[in-house]
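Read through the structure below, which is laid out as structure tokens, and then see the notes.
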Amino acid sequence: MNTVTPDEESFSRTMRIDLIPDTPSEPVAGPQKRVIITAASRRGRPGANRHGWNGARSQYQELLQGMYDAALIADLDGRIADTNVRASEFFLYAREELQALTIFDVISGADAELIRTLVQNLENERHTLIQAYCVRKDSSFFPAEIAVNKLNLDKMYLGFFIRDITLRRQAEEMLRTEHNAILNAGNGIAVVNLDGSVEYANPATERMWGCAADGLIGRDIRELFHERTAADAMLRDVAAAQGSWSGELRGRRLDGTEFEVQVSAARNRNADGETVGVVLSLVDISDRKRAEAALREAERQRVMLESLGAACHHIGQPATILLGSLELLQQKTADADPSVRQLVQAGLDSMRTLAAILQKLQAVGEYRTRTYLDPNEAGRGAESRILAI
């Protein structure tokens with residue numbers, strides 16, 4: 001066996017021709033936008049392994065009909081000379097009907113210029129790839145990848161080997177849609193590997209942590225949270241056992257500020273179902289936390305004010321009776337001992353002060369407290385504070 005060293009190998013360039021309409025929903029026959037792209041590929045030495053047409057018609061037909069791709073053999077004028085069964089399945093034509101057509105009838109955008117380009121390229125290369133839409137008998141279209149080879153039979157022919165890539169195109173469109181959805185999502189999406197290193201973070205995640213594009217790539221996700229131990233436990237639990245986790249953690253931005261984050265984590269698996277990392281869905285809930293705190297404070301204010309109003313109501317009734325009784329008592333003790341009148345007057349003053357306090361309490365619109373004892377003596381607890389009126 002002869003071995004070819006790298007120095008003895010030569011290189012060629014594979015030409016790819018795109019005959020794609022401006023929009024996928026507009027695959028109309030006739031000249032279309034053509035984009036020619038070349039990419040380097042390796043091949044053997046010029047002249048190696050070249051075989052002419054050996055005239056074995058039966059072997060040729062066996063190979064042609066057994067191909068997975070649809071095959072159209074056309075002359076240099078584009079007329080279809082031979083086809084396989086797969087071509088009839090793709091294009092919905094009988095074999096005889098296809099042989100009465102040209103390549104221009106079944107490949108949208110194909111024309112004589114395309115044939116000339118193919119022939120010129122195939123003078124030195126083994127094949128050319130075409131991305132195009134093909135036209136069925138019922139005038140419907142399907143996206144196709146077409147490999148074109150030069151065939152030396154009784155004369156020069158071109159072999160068009162056509163693969164229906166509808167499912168691939170749909171999968172690509174779905175991936176593109178999903179990617180755009182992740183890019184434009186309001187929630188943060190991050191993917192980390194089993195070591196906790198960030199492999200992907202969408203723009204929402206980058207904005208959440210206050211960094212530029214790709215500024216989180218390669219960082220340890222645990223460094224982005226205040227509770228590093230809790231974040232580490234989350235990753236281990238998701239990757240090793242639970243498969244999912246949901247909870248709240250305190251995030252730490254790159255500038256050191258902290259904020260509340262709702263985290264949902266799930267295992268990231270490869271095509272074989274093996275766990276390769278963790279996918280995190282992240283929501284900044286700082287505003288929600290502040291709103292919840294405000295609601296709790298408002299509810300506290302409501303309860304305290306309602307309680308205060310009820311207390312004033314209950315205290316006000318007996319206070320009014322006491323005040324009236326003391327005023328009557330003052331009248332009846334006008335001639336009494338001065339010490340008795342002094343006591344009655346002190347009681348009246350106290351009741352009038354109480355009435356004034358109740359009136360102020362009923363007018364309170366915000367439950368606020370103030371310190372009324374020396375904190376150094378009474379401490380800093382609730383016992384050192386009193387309602388501010």
Side-chain angles (χ1 to χ4, degrees), residues 6 11 14 16 37 39-42 131 145 165-293:
F11 292 85
T14 297
R16 193 188 81 212
I37 304 173
S41 64
R42 178 173 294 179
Q131 295 278 345
E145 183 177 78
I165 59 172
T166 300
L167 294 179
R168 185 204 304 174
R169 185 66 60 81
Q170 290 173 348
E172 290 173 350
E173 289 298 325
M174 181 58 68
L175 286 174
R176 187 176 296 109
T177 299
E178 293 174 352
H179 181 63
N180 287 333
I182 292 174
L183 281 179
N184 296 288
N187 294 350
I189 303 293
V191 179
V192 302
N193 58 25
L194 293 176
D195 294 328
S197 178
V198 177
E199 295 182 335
Y200 172 80
N202 71 342
T205 305
E206 294 167 344
R207 290 193 299 269
M208 207 176 297
W209 264 269
C211 65
D214 297 332
L216 297 178
I217 305 302
R219 290 181 177 271
D220 190 330
I221 193 68
R222 288 161 290 216
E223 296 177 355
L224 304 180
F225 294 98
H226 174 76
E227 307 95 335
R228 180 184 175 92
T229 303
D232 184 63
M234 172 195 68
L235 293 178
R236 285 188 284 103
D237 290 344
V238 172
Q242 293 182 1
S244 63
W245 185 91
S246 181
E248 297 178 4
L249 295 173
R250 178 172 286 274
R252 177 182 290 149
R253 296 187 179 92
L254 300 189
D255 62 5
T257 59
E258 296 185 352
F259 63 106
E260 300 292 335
V261 188
Q262 173 69 44
V263 182
S264 297
R267 279 185 289 184
N268 185 28
R269 304 188 184 191
N270 60 16
D272 297 324
E274 299 170 339
T275 300
V276 294
V278 176
V279 179
L280 303 174
S281 176
L282 307 157
V283 182
D284 184 347
I285 58 173
S286 300
D287 291 341
R288 191 189 81 189
K289 286 288 189 180
R290 284 191 289 269
E292 290 175 351

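Note: hydrogens, waters and symmetry copies are ignored here, and every other heavy atom, side chains too, is used.
- With values rounded to the nearest 0.5 angstrom, Ser244 atom OG is found 12.0 Å from Met234 atom CE.
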Original post:
Can Arg228 and Glu223 be said to form a side chain to side chain contact (heavy atoms under 4.5 Å, CB included), step by step?
Top reply: CA-CA 7 Å; Arg228 180 184 175 92; Glu223 296 177 355; 3.5 Å; yes
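- Within the 4.5 Å cutoff, the side chain of Gln131 has heavy atoms near those of the Ile165 side chain.
- Checked for salt-bridge contact, Arg168 and Glu145 meet the test: a charged N lies under 4.0 Å from a carboxylate O.
- Within the 4.5 Å cutoff, the side chain of Leu235 has no heavy atoms near those of the Leu194 side chain.
- Pairs engaging residues 256-277 under the ring pair (Phe, Tyr, Trp, His ring centres under 6.0 Å) rule: Trp209-Phe259 [sequence neighbours left out].
- With salt bridges taken as basic N to acidic carboxylate O contacts below 4.0 Å, none links Glu260 and Arg290.
- A salt bridge is defined here as a Lys NZ or Arg NE, NH1 or NH2 lying under 4.0 Å from an Asp or Glu carboxylate O, and Asp220 with Arg222 meets this definition.
- Taking the side chain as every heavy atom from C-beta outward, Leu254 and Arg219 approach each other to under 4.5 Å.
- Between the Arg252 side chain and the Thr257 main chain, no donor and acceptor come within less than 3.5 Å of each other.
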**OP:** Show your working on side chain to side chain contact (heavy atoms under 4.5 Å, CB included) between Leu167 and Gln170 and close with a plain yes or no.
**Re:** CA-CA 5 Å; Leu167 294 179; Gln170 290 173 348; 3.6 Å; yes
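- Inspection of the Ser197 and Asp195 side chains reveals no N or O donor paired with an N or O acceptor under 3.5 Å.
- The shortest non-hydrogen separation linking Ala230 to Leu249 is CB-CD2, 3.8 Å.
- Between the side chain of Asn193 and the backbone N or O of Gly196 there is at least one donor-acceptor pair closer than 3.5 Å.
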Contacts table for residues 271-285: side-chain donor-acceptor under 3.5 angstrom, sequence neighbours left out:
from	atom 1	to	atom 2	distance (Å)
Glu274	OE1	Asn270	ND2	3.1
Asp284	OD1	Ser286	N	3.0
Asp284	OD1	Ser286	OG	2.8

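- When all heavy atoms of Asn187 and Ala204 are compared, the pair lying nearest together is O-CB, 3.4 Å.
- Taking every heavy atom of both residues into account, Phe225 and Gly251 meet most closely at CD2-CA, 4.1 Å.
- For Ser246 against Gln262, the heavy-atom pair with the smallest separation is OG-NE2, 3.3 Å.
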**OP:** In sequence, state the C-alpha distance, the side-chain angles, and the governing distance for Lys289 and Glu248, and then conclude on side chain to side chain contact (heavy atoms under 4.5 Å, CB included).
**Re:** CA-CA 11 Å; Lys289 286 288 189 180; Glu248 297 178 4; 2.8 Å; yes
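- Asn202 contributes a side-chain N or O that, together with a main-chain N or O of Ile189, makes up a donor-acceptor pair within less than 3.5 Å.
- When each of Val192, Ile182, Leu216 is tested with Tyr200 by the rule side chain to side chain contact (heavy atoms under 4.5 Å, CB included), just one qualifies, namely Ile182.
- In this structure, Thr177 has no side-chain contact (heavy atoms from CB on, under 4.5 Å) partners at least two apart in sequence or on a different chain.
- Between the side chain of Glu227 and the backbone N or O of Arg250 there is at least one donor-acceptor pair closer than 3.5 Å.
- With respect to Arg236 and Asp232, a salt bridge is recorded, a charged nitrogen being found less than 4.0 Å from a carboxylate O.
- Salt-bridge formation is detected for the pair Glu292/Arg288: a Lys NZ or Arg NE/NH1/NH2 atom is positioned less than 4.0 Å from an Asp or Glu carboxylate oxygen.
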